[in-house]
Q: 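Take a look at this one; I'll ask things after.
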Amino acid sequence: MTRTPERPTYPTAPDHVDVLIVGAGLSGIGAACHLRTEAPGVSFELLEARGASGGTWDLFRYPGVRSDSDMYTLGYPFRPWAGKQAIAGGAEILAYLRETAAEYKIDEHVTYHARVLQADWSEADARWTVTVEHTDPADHTTRHSTRTCGFLFLCSGYYRYDQGYTPTWPGREQFQGRLVHPQEWPADLDLPGTKVVVVGSGATAVTLVPALAEAGAHVTMLQRSPSYIMSLPERDPIAAVLRALLPARPAYRAIRWKNARVATALYVLCRMYPDRMRAVLRKGVAKRLPDGFDVDRHFTPAYNPWDQRLCLVPDGDFFTAITEGKADVVTDHIDEFTPTGLRLRSGATLDADVVVTATGLNLLPLGGISLTVDGDPVLIPEHLAYKGVMLDAVPNLAFALGYTNASWTLKVDLVCSYVARLLAHMEHHGYAVVTAHRPLAPMSTAPFIEMTSGYFQRSRGALPLQGDRAPWRLEQHYFHDAALFRGPVDAPELEFSPAGALARPGR
């Protein structure tokens with residue numbers, strides 16, 4: 001699929017809307033669709049820093065890029081995934097997102113090359129004033145504009161799109177080959193016959209290894225420590241049966257429910273019975289590798305299952321590349337780069353024409369936007385997250401961050417539907433402002449994301465906190481969280497204020 005920029009460079013939107021959505025990726029498109037259907041009286045606009053919609057699925061261009069969740073749960077519940085593959089490629093996902101935006105006429109409300117720098121809340125005016133940087137793609141010149149909104153909805157994900165994470169290794173400057181981060185994959189990289197070292201062991205690495213091997217490279221995955229990896233069918237056989245027996249929408253709902261149940265059950269079992277599930281996952285890996293392969297060294301992590309994200313591989317393609325001799329796994333540490341590759345802590349060396357640093361992401365919580373409330377800076381790590389979607393004491397602001405232990409969209413769709421219902425409630429009752437207030441009783445706090453993955457650990461201090469009980473803490477359990485989100489919106493933790501000052505011109 002050809003990926004091309006969309007829409008004009010500079011905004012044609014009004015200076016004020018009820019809801020300003022930041023980001024036109026999976027979350028932002030979903031948020032706008034919910035506003036269309038659940039809060040039809042609310043005006044909205046999307047601001048996208050890049051030149052095209054699709055977010056992650058337009059940004060990532062590395063070989064084999066695909067979902068690491070099944071498409072029946074990564075897809076929107078209101079628009080069935082019609083593809084045959086449960087684990088889909090990036091181009092197919094991007095097409096699905098853009099087709100959804102076109103069907104709901106969301107693409108008509110996106111302003112591209114528009115990065116939100118700052119948002120300032122005024123209690124007197126009951127609105128946000130947002131500072132936007134516009135970049136001309138032709139000459140990269142920039143200009144700034146301001147616009148206002150009644151409600152600010154941050155749907156930009158949690159990582160930096162313009163910079164991936166690459167550690168500082170000794171001797172890197174003397175390496176005579178190419179050093180590539182998957183987030184910035186070069187279009188001119190010639191792979192057949194090359195020796196490629198992929199540094200990392202997460203979802204990106206296990207996706208790259210079979211794709212690079214298929215492209216004709218000999219691949220070595222170099223990891224400091226193993227990750228848990230589980231194989232599942234690229235095509236869901238139960239989904240095929242349900243699709244044959246039921247109309248499209250009921251079949252999709254049934255498959256989505258089934259897959260959400262399976263994913264949730266897997267997570268719960270891993271947390272409740274870590275030793276037993278460690279053995280189950282190890283057995284699954286050993287069945288797909290040659291006899292005598294050192295599974296304990298290369299595929300048995302020191303941490304418990306789901307302390308970090310579990311990697312999924314369709315039809316075991318990662319293990320097939322190893323079995324067929326097209327890929328190797330080395331568990332060691334980099335001591336230094338050499339002109340021809342890498343020297344490892346063990347003393348071994350790896351020759352490489354290309355080194356791919358699949359070493360993770362740099363997080364950018366809430367889009368890196370500078371926030372103030374009546375002139376006072378909002379220090380995000382000092383705030384509790386209400387239902388994982390609003391910051392306490394910060395009016396008329398929501399953010400959408402998906403699950404880390406399940407499909408991103410399962411949680412994001414709950415968030416987007418909840419926000420749409422909240423806004424419809426405010427519209428119906430004439431409220432201009434909603435603010436979450438933390439309880440007066442003491443409450444212990446915990447990190448917003450409790451996984452031990454490196455990129456979460458590096459950015460823990462930039463994220464909000466969660467409490468020790470609902471609604472200030474989510475269970476990371478879709479079916480329990482769904483009940484919380486789908487409950488009444490006029491909860492006692494929320495303060496609603498009437499429209500004393502106009503939140504929308506003309507009222």
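All of these numbers come straight from a predicted model, not from anything done at the bench.
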Q: Please lay out, stage by stage, how V355 and V199 fare under the test side-chain contact (heavy atoms from CB on, under 4.5 Å).
A: CA-CA 7 Å; V355 174; V199 182; 3.8 Å; yes

Q: Would you mind reporting whether Y403 and L414 have side-chain heavy atoms less than 4.5 Å apart?
A: yes

Q: Apply the test side-chain contact (heavy atoms from CB on, under 4.5 Å) to residues V197 and V354: give CA-CA distance (whole Å), side-chain angles for both, the deciding distance (0.1 Å), then the verdict.
A: CA-CA 6 Å; V197 174; V354 180; over 6 Å; no

Q: Does any pair with a residue in residues 179-188 pass side chain to side chain donor-acceptor pair (under 3.5 Å), and if so which ones, sequence neighbours excluded?
A: R178-D188

Q: So that I can tick it off, tell me whether D315 and R288 are bridged by a salt bridge, with the cut-off set at under 4.0 angstrom between side-chain N and carboxylate O.
A: no

Q: To the nearest 0.5 Å, tell me how far S67 OG sits from I93 CD1.
A: 4.5 Å

Q: If we ignore hydrogens and angles and just use 3.5 Å, is the side chain of T338 paired with the main-chain N or O of G341 as donor and acceptor?
A: yes

Q: Within 45° of the six-membered ring axis of Y76 and under 6.0 Å from that ring's centre, is NZ or CZ of R79 located there?
A: no

Q: Using side chain to side chain donor-acceptor pair (under 3.5 Å) as the criterion, list what pairs up with S346, not counting sequence neighbours.
A: D332

Q: Taking it one step at a time, do H34 and F78 satisfy ring-ring contact (aromatic ring centres under 6.0 Å, His included)?
A: CA-CA 9 Å; H34 277 288; F78 52 83; 5.3 Å; yes

Q: One thing to verify: whether D481 and K411 come together as a salt bridge, which I'm taking to mean a side-chain N less than 4.0 angstrom from a carboxylate O.
A: no

Q: With no hydrogens and no angle check, is any side-chain donor or acceptor of R224 less than 3.5 Å from a backbone partner on S201?
A: no

Q: Kindly write out the residues that satisfy side chain to side chain contact (heavy atoms under 4.5 Å, CB included) with P339, not counting sequence neighbours, or none if the list is empty.
A: Q174, Q176

Q: Tell me, which pairs form a salt bridge (charged side-chain N to carboxylate O under 4.0 Å, His left out) where one or both residues lie in residues 349-361, sequence neighbours left out?
A: none

Q: Tell me the salt bridge (charged side-chain N to carboxylate O under 4.0 Å, His left out) pairs involving residues 296-305, sequence neighbours left out?
A: R282-D296

Q: Quick check on side-chain contact (heavy atoms from CB on, under 4.5 Å): which of V132, L152, V130 does V22 satisfy it with?
A: L152

Q: Hey, are the side chains of R253 and P77 touching, using non-hydrogen atoms and a 4.5 Å cut-off?
A: no

Q: Walk me through whether V262 and T264 qualify under side-chain contact (heavy atoms from CB on, under 4.5 Å).
A: CA-CA 6 Å; V262 170; T264 302; over 6 Å; no

Q: Only one of Y72, W57, W81 passes ring-ring contact (aromatic ring centres under 6.0 Å, His included) with Y96; say which it is.
A: W81

Q: Of all residues at least two apart in sequence or in a different chain, which pass the side chain to side chain contact (heavy atoms under 4.5 Å, CB included) check with L312?
A: M230, L232, L310

Q: Kindly determine whether L26 and L74 satisfy side-chain contact (heavy atoms from CB on, under 4.5 Å), including the steps that lead there.
A: CA-CA 9 Å; L26 193 155; L74 189 67; 4.1 Å; yes

Q: ring-ring contact (aromatic ring centres under 6.0 Å, His included): which pairs involve residues 203-233, sequence neighbours left out?
A: Y228-Y303

Q: With distance as the sole test, does E475 use its side chain to make a donor-acceptor pair with the main-chain N or O of H477 at under 3.5 Å?
A: no

Q: How would you list, by chain and number, every residue that makes a side chain to side chain donor-acceptor pair (under 3.5 Å) with D139, sequence neighbours excluded?
A: T141

Q: Look at the side chain of D307 and the backbone N and O of N304, then say whether any donor-acceptor pair between them is shorter than 3.5 Å.
A: yes

Q: If you look only at pairs with a residue in residues 325-351, which of them pass as a ring-ring contact (aromatic ring centres under 6.0 Å, His included), with sequence neighbours excluded?
A: W169-F337, F175-F337

Q: Counting distance only, does the side-chain N/O of E336 pair as donor-acceptor with the main-chain N or O of G171 below 3.5 Å?
A: no

Q: Less than 6.0 Å separating the ring centroids of F319 and F293?
A: no

Q: Any side-chain to backbone donor/acceptor pair from T73 onto D70? Under 3.5 Å, distance only.
A: yes

Q: Under the salt bridge (Lys or Arg N to Asp or Glu O under 4.0 Å) test, which residues partner K326, sequence neighbours left out?
A: E324

Q: I'd like to know if the side chain of T300 reaches the main chain of V295, judged simply by a donor and an acceptor atom lying under 3.5 Å from each other, with no hydrogens or angles considered.
A: yes

Q: Can S27 and W408 be said to form a side-chain hydrogen bond (donor to acceptor under 3.5 Å, both in side chains), step by step?
A: CA-CA 9 Å; S27 303; W408 176 270; 3.0 Å; yes

Q: So which atom in L384 and which in Q466 form the shortest heavy-atom distance, rounded to 0.1 Å?
A: CD2-C, 3.7 Å

Q: Spell out, as yes or no, whether a donor-acceptor pair under 3.5 Å connects the side chain of N405 to the backbone of Q476.
A: yes

Q: Between the side chain of D468 and the main-chain N/O of S444, is any donor-acceptor distance below 3.5 Å?
A: yes

Q: Hey, which of T357, L212, V180 is the one that makes side-chain contact (heavy atoms from CB on, under 4.5 Å) with V198?
A: L212

Q: Only pairs at least two apart or in different chains count here, so list each salt bridge (charged side-chain N to carboxylate O under 4.0 Å, His left out) that has a residue in residues 226-238.
A: D236-K258

Q: Suppose we screen for side chain to side chain contact (heavy atoms under 4.5 Å, CB included). Which residues come up paired with D68, at least two apart in sequence or across chains?
A: A203, R309

